[in-house]
> 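Handing you a structure now.
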Amino acid sequence: MDDRYDHKNIETRWQKIWEDQGAFTAHVDSTVPKYYLLEMFPYPSGRIHMGHVRNYSIGDVLARFLKMNGKNVIHPMGWDSFGLPAENAAIERNVPPAKWTRENIDYMRTQLKQLGLGYDWNREIATCEPDYYRWNQWIFIKLLEKGLAYKKRSSVNWCPHCATVLANEQVEECLCWRCSCTVEKRDLEQWFFKITSYAEELLAGTDKLTGWPERVLTMQRNWIGKSIGVEVNFNVVDTADKSIKVFTTRPDTIYGVTFMSLAPEHPLLRTLTPDSHLAEVRAFVEGVMKEKASAGPGGLDKMEKKGIDTGIRCFNPITGETIPVYVANFVLMEYGTGAVMAVPAHDQRDFEFAKKYDIPITVVITPSGVELDPKTMEEAYTGEGTLTNSGPFDGLTTDNAKKAITNYIEEKWAGEACLNYRLRDWGVSRQRYWGCPIPVIYCDKCGAVPVPAEDLPVLLPDNVMFTGKGGSPLEEAEDFVNTECPACGGPAKRETDTMDTFVDSSWYFLRYTSPHEMKKPFTKEDAGYWMPVDQYIGGIEHAVMHLLYARFFTKALRDMGLCDVDEPFKNLLTQGMVCKETQKCPEHGFLLPEEVSDGGKCVKCSAPVVTGAVEKMSKSKKNTVDPSGIIARYGADTTRLFSLFAAPPERDLEFSIDGVEGSYRFLGRVWRLVTGNIDNLSASEPYSSEKHGALESGPLKDLHCATHRTIEKVTVDIGRRFHFNTAISSVMELVNAIYATLQKGEGIVNSGAGPAVFREAAEAVVLLLSPFAPHITEELWSRLGATQPIYETPWLTFDRDAIARQEVTLVIQINGKVRSRAVIAVGTKKEEVLEMVKKDSRLTQWIEGREIKKVIYVPDKILNMVIK
RNA sequence: GCGAGAGUGGCGGAAUUGGCAGACGCGCCAGACUUAGGAUCUGGUGGGCAACCAUGGGGGUUCGAGUCCCCCCUCUCGCACCA
């Protein structure tokens, strides 16, 4: 008997069959409902990690399930293959980035195939290939024509270590998101995409994305940061036409303004500060700048609020009062107008500031029933209330006053209502080599000229030097830089910046629909059929940047007439992280498993090793697991099954080798169930009541019922809830039930309808398990005599009659405590149940001599008697 | 500080609509087969001798609460001087 579960053979064989037969090739077919399933494509870093395994296993379960359910599934895969690591490899190991990247892609593609993932590899794309990035450039030029791409000099975040510009989103608490070194400010000419033009639509869209997790939507709303308010001009005293513009969301408090605060970077400080205060203001501003630069991570919020009087005075346009203008360290130049009208009574920051510098506090909002006294107030009152000390507006509620005072300000030409967004335009320039060249040529006569569409792509030159000295290698590539002006033919120079790699990933899902199109990024027909992505799956780390940019691109492309979708991703699933416990030596820090001896000692110093917290797998914590090793030892099916069984997709997954063993054991159990009974199973066809007659009560009927219940549960769990862990557990239960039936006696499955019911159950196990463990199930399916592979086999439907029970166990409670159970016919009436209860000996001790005050009866479920 | 999510056996996790808490798996215990077992199969396994007690803690609603309401604690994530 050498028919053991040989995962290696089975998996390579079926992977070849799927590939040879083009099992997962997708074609447009308007007669079949389409389903676009997409997982975030990986950066080709060299090897896949457990996070990929999890992400792609989740996707593959859905792809296979939906295909079996009659959907025309498109399930593509590709490579987000521009980016820094390739360049670092070039600097450190002298490998050209293109070579390094392509080799990584080849290796990782093999790894993905080893997992048995059902991708349409005909649609594979790599963003670093010219036939992809030429369309990046094409779109860039379109954006330029539409006024959605522009260049401006601006202060940017500069990472000295990575020698590049970072987007705001790539800066976390003043540190570079990749290398964690302190980010500096630099002034550079940068290309920007005008995402702010779409701020309102991007925000409004968050209310329509009902298939997205609420927290992702919240993060995007926060990021867009819309606020409704007024810009108000405060005229400067002793000048004819100078004014300072402030932005406020609280026009209702304008009668309470007692001073104004400017950001230290505010340009008017230079021109308006009187000579008498100039030296003092300059010293203060310089001090604050220094402090900000050295504050480091999270330092800003800990900085003490301070400021000084600039000597400038201006008029409150509504009250006509003269107020002092301060410069304050907590006012942000980046937000609003960089100037704030200060209302100490109703803003906590202004309150603290006013207390510190003895500035008057005027109360203009009265909360209901409380009189505020500026002398005794200990904090600002920021809530709603009724206006007071506000001239004609006294007595209005805050809400009404906002509207009324805004109108009044507009009537007096003192300002206008406006919306303000925290969202900034998207800076896309990167001083890097391994990215998509920005298709612009600079000519002394004609200025910045876009490269004509027929000259695309602007190819990345491969004869460049990597010195690692900072700056872009493209700047040194003279063949690349020196060119002709497309407009006048004169000598000109190319833009040497490349695009942020988030540009690449902002439309790749559209390219998948027309991966071989030569004349356009994609065709309207293909996109029209396949888009939007029905289900997108990926990590929560992309909640803001990638997903917001992709939404922006989709809308911009729509407005260029290239496609008809408003939102690219209908449903979004953010999977949890893959974690594992860490091991730590007090002396040597985190340890690899091989650095821990059998006795739990550090191999370097013999100190006892502490098993630390369960944390996200990362190289620095030395708690990673290479999926290749797991696949080699246990097989792809086991690896997939484990990563789907140990936790629901959206939660974190804790890796455990014992759990992997458990999954492997289960597959072995399924294997033996089918192969060990193959003669019996082959001799029959699945049970049907017409052919085999109705089943009498007993083990066979129970097994038939369990089979159909499992079909129902797995169908719902995969299709509606994405709870693969419970789907798998219910298949395990069915397997247990089959074994238990076999245990009850050989005769049961050998005679009468036995073989048919057994076959039906075994087929259900194989088919229901197939999205999770596709190889072993294909193998067993063919051994069961199937002529059609599982991926072409329809999903199982369940028989309502088989599930319907004739009898149920009724729980009988006394005062809410379970005291007995009774098997009753479905639909038994309350009176009949009460009759039975009276005869139940387990209940007499509770009921006898007591008064039954109340009886609650939930048919077929529970009977609760309240007694005294 | 604001917002979101979570807290259930020794562990990962079930419980879909307020109705038997702990499915399924891991681990552990016992047994069977066996030269052997890290294979396989079978049984047991929240705590407590029991009545009973148990879903982070405390109140409440209800015949009945892991599930609903109020207060509090802890953890994770996101945002954070946003005017």
Side-chain angles (χ1 to χ4, degrees), chain A residues 4 173 213-223 225-227 229 246-250 253 260-261 263 298 300-303 305 328-332 334-343 346-350 352-353 382 420-422 540-541 543-544 576-577 581 613-614 616 641-642 645-648 650-663 665-666 668-669 672 713 716-717 720-721 723 725-733 735-736 739-740 743 809-821 853-858 860-867:
Chain A
R4 306 202 31 181
E173 308 228 16
E214 196 52 44
R215 61 175 180 147
V216 174
L217 295 173
T218 308
M219 281 190 226
Q220 295 214 345
R221 287 183 198 122
N222 285 345
W223 192 260
K226 177 183 179 177
S227 44
V246 302
F247 172 76
T248 182
T249 56
R250 295 295 303 270
T253 62
M260 185 190 287
S261 316
L300 279 182
D301 52 330
K302 284 175 205 106
M303 261 200 287
K305 289 181 185 36
N329 65 346
F330 62 87
V331 179
L332 304 173
E334 309 86 72
Y335 186 80
T337 61
V340 184
M341 63 174 224
V343 186
H346 306 293
D347 180 285
Q348 188 56 26
R349 290 157 304 181
D350 298 340
E352 287 169 29
F353 199 85
T382 55
N420 200 30
Y421 298 92
R422 210 186 70 119
I540 186 74
E541 65 273 20
V544 177
M577 296 178 300
E581 65 179 23
V614 174
K616 181 186 177 177
L641 192 69
F642 164 75
F645 177 62
E650 66 278 8
R651 276 225 234 169
D652 286 352
L653 171 86
E654 190 183 332
F655 181 86
S656 119
I657 196 67
D658 287 337
V660 175
E661 291 266 4
S663 293
R665 232 163 14 219
F666 170 67
R669 210 163 134 77
R672 288 188 301 274
K713 169 120 178 95
V716 170
D717 281 355
R720 243 196 335 259
R721 302 206 310 156
H723 279 202
N725 55 334
T726 53
I728 294 165
S729 80
S730 62
V731 178
M732 288 173 168
E733 284 181 86
V735 170
N736 292 345
Y739 271 108
Q743 193 73 23
T809 303
L810 183 80
V811 172
I812 299 164
Q813 298 183 333
I814 307 283
N815 288 345
K817 292 203 158 66
V818 181
R819 297 301 182 197
S820 184
R821 292 183 176 83
K853 290 187 67 178
K854 195 173 177 182
V855 177
I856 291 97
Y857 181 60
V858 182
D860 306 333
K861 271 189 176 163
I862 204 160
L863 178 83
N864 188 15
M865 290 181 285
V866 186
I867 63 168

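Below, all heavy atoms of this structure are taken into account, side chains as well, without hydrogens, waters or symmetry copies. A note on names: the letters A, B, ... follow the listed sequences, proteins ahead of strands, and every chain is numbered from 1.
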> Tell me which residues in residues 654-663 of chain A put a heavy atom below 4.0 Å from RNA chain B, sorted by number, or none.
A:E654, A:D658, A:G662
> What distance, rounded to whole Å, do you find between the two P atoms, one in B:A65 and one in B:G31?
42 Å
> Does a nitrogen or oxygen in the side chain of A:R672 sit under 4.0 Å from OP1 or OP2 of B:A39?
no
> Could you report the tightest heavy-atom contact between A:G659 and A:F642, atom names first, then the distance?
C-CD1, 3.5 Å
> Hey, does the side chain of A:K854 come within less than 4.0 Å of B:C63's phosphate (OP1/OP2), counting only N and O?
yes
> Show the nearest heavy-atom pair for residues A:S227 and A:T249, with the distance to one decimal.
CB-CG2, 3.8 Å
> So what stems show up for RNA chain B if we need 3 or more Watson-Crick or G-U pairs in a row, all under 3.5 Å?
B:1-7 with B:73-79, B:10-12 with B:24-26, B:27-32 with B:40-45, B:56-60 with B:68-72
> OP1, OP2 of B:U76 versus side-chain N and O of A:R651: anything below 4.0 Å?
no
> According to side chain to side chain contact (heavy atoms under 4.5 Å, CB included), who are the partners of A:E352, at least two apart in sequence or on a separate chain?
A:K305, A:Q348
> Using a heavy-atom cut-off of 4.0 Å across all strands, would you classify A:E334 as base, sugar-phosphate, or nothing?
nothing
> Could you tell me which non-hydrogen atom of A:M341 sits nearest to which non-hydrogen atom of A:D350, and how far apart they are?
O-OD2, 4.0 Å
> Please state the C1' separation for the pair B:U8 and B:G13 - nearest whole angstrom.
9 Å
> Counting only side-chain heavy atoms from C-beta out, which of B:G13, B:U42, B:C20 sits nearest to A:A647?
B:G13
> Step by step, work out the salt bridge (Lys or Arg N to Asp or Glu O under 4.0 Å) result for A:R221 and A:E214.
CA-CA 10 Å; A:R221 287 183 198 122; A:E214 196 52 44; 3.2 Å; yes
> Donor-acceptor pair under 3.5 Å: do we get one between A:K713's side chain and the base of B:U16?
yes
> Mind checking A:V866 for me? I need base, sugar-phosphate or nothing, with any heavy atom below 4.0 Å counting as a touch.
sugar-phosphate
> Do we get A:R669 above A:Y739's six-membered ring, with its NZ or CZ under 6.0 Å from the centre and within 45° of the axis?
yes
> Can you say whether a donor on the side chain of A:R821 sits under 3.5 Å from an acceptor on the base of B:C20, or the other way round?
yes
> Would you please confirm or rule out a distance under 4.0 Å between OP1 or OP2 of B:C52 and any side-chain N or O of A:R819?
yes
> Using OP1 and OP2 only, check whether a side-chain N or O of A:N736 sits under 4.0 Å from B:G25.
yes
> Taking B:G48 as the reference, what is the distance to B:C33 when you measure between their P atoms (whole Å, please)?
33 Å
> With a 4.0 Å cut-off on heavy atoms, is A:K226 in touch with a base, just the backbone sugar-phosphate, or nothing at all?
nothing
> Report which part of the nucleic acid A:R215 touches: base, sugar-phosphate, or nothing (heavy-atom distance under 4.0 Å, all strands).
sugar-phosphate
> Where do A:L863 and A:L810 land on the side chain to side chain contact (heavy atoms under 4.5 Å, CB included) test, with the steps shown first?
CA-CA 7 Å; A:L863 178 83; A:L810 183 80; 4.1 Å; yes
> Counting only side-chain heavy atoms from C-beta out, which of B:C53, B:C20, B:C63 sits nearest to A:V811?
B:C20
> For A:R422 and B:A83, is the shortest distance between a side-chain N/O and OP1 or OP2 below 4.0 Å?
no
> Could you check A:R215 against A:I540 for side chain to side chain contact (heavy atoms under 4.5 Å, CB included), going step by step and ending with a plain yes or no?
CA-CA 10 Å; A:R215 61 175 180 147; A:I540 186 74; 3.7 Å; yes
> State whether A:R221 places a side-chain N or O below 4.0 Å from either non-bridging phosphate oxygen (OP1 or OP2) of B:A4.
no
> In terms of side-chain heavy atoms of A:R669, which of B:C41, B:G78, B:A83 is nearest?
B:C41
> So which atom in A:A328 and which in A:F353 form the shortest heavy-atom distance, rounded to 0.1 Å?
CB-CE1, 3.9 Å
> Kindly say whether, by distance alone, the side chain of A:K305 makes a donor-acceptor pair under 3.5 Å with the base of B:C81?
yes
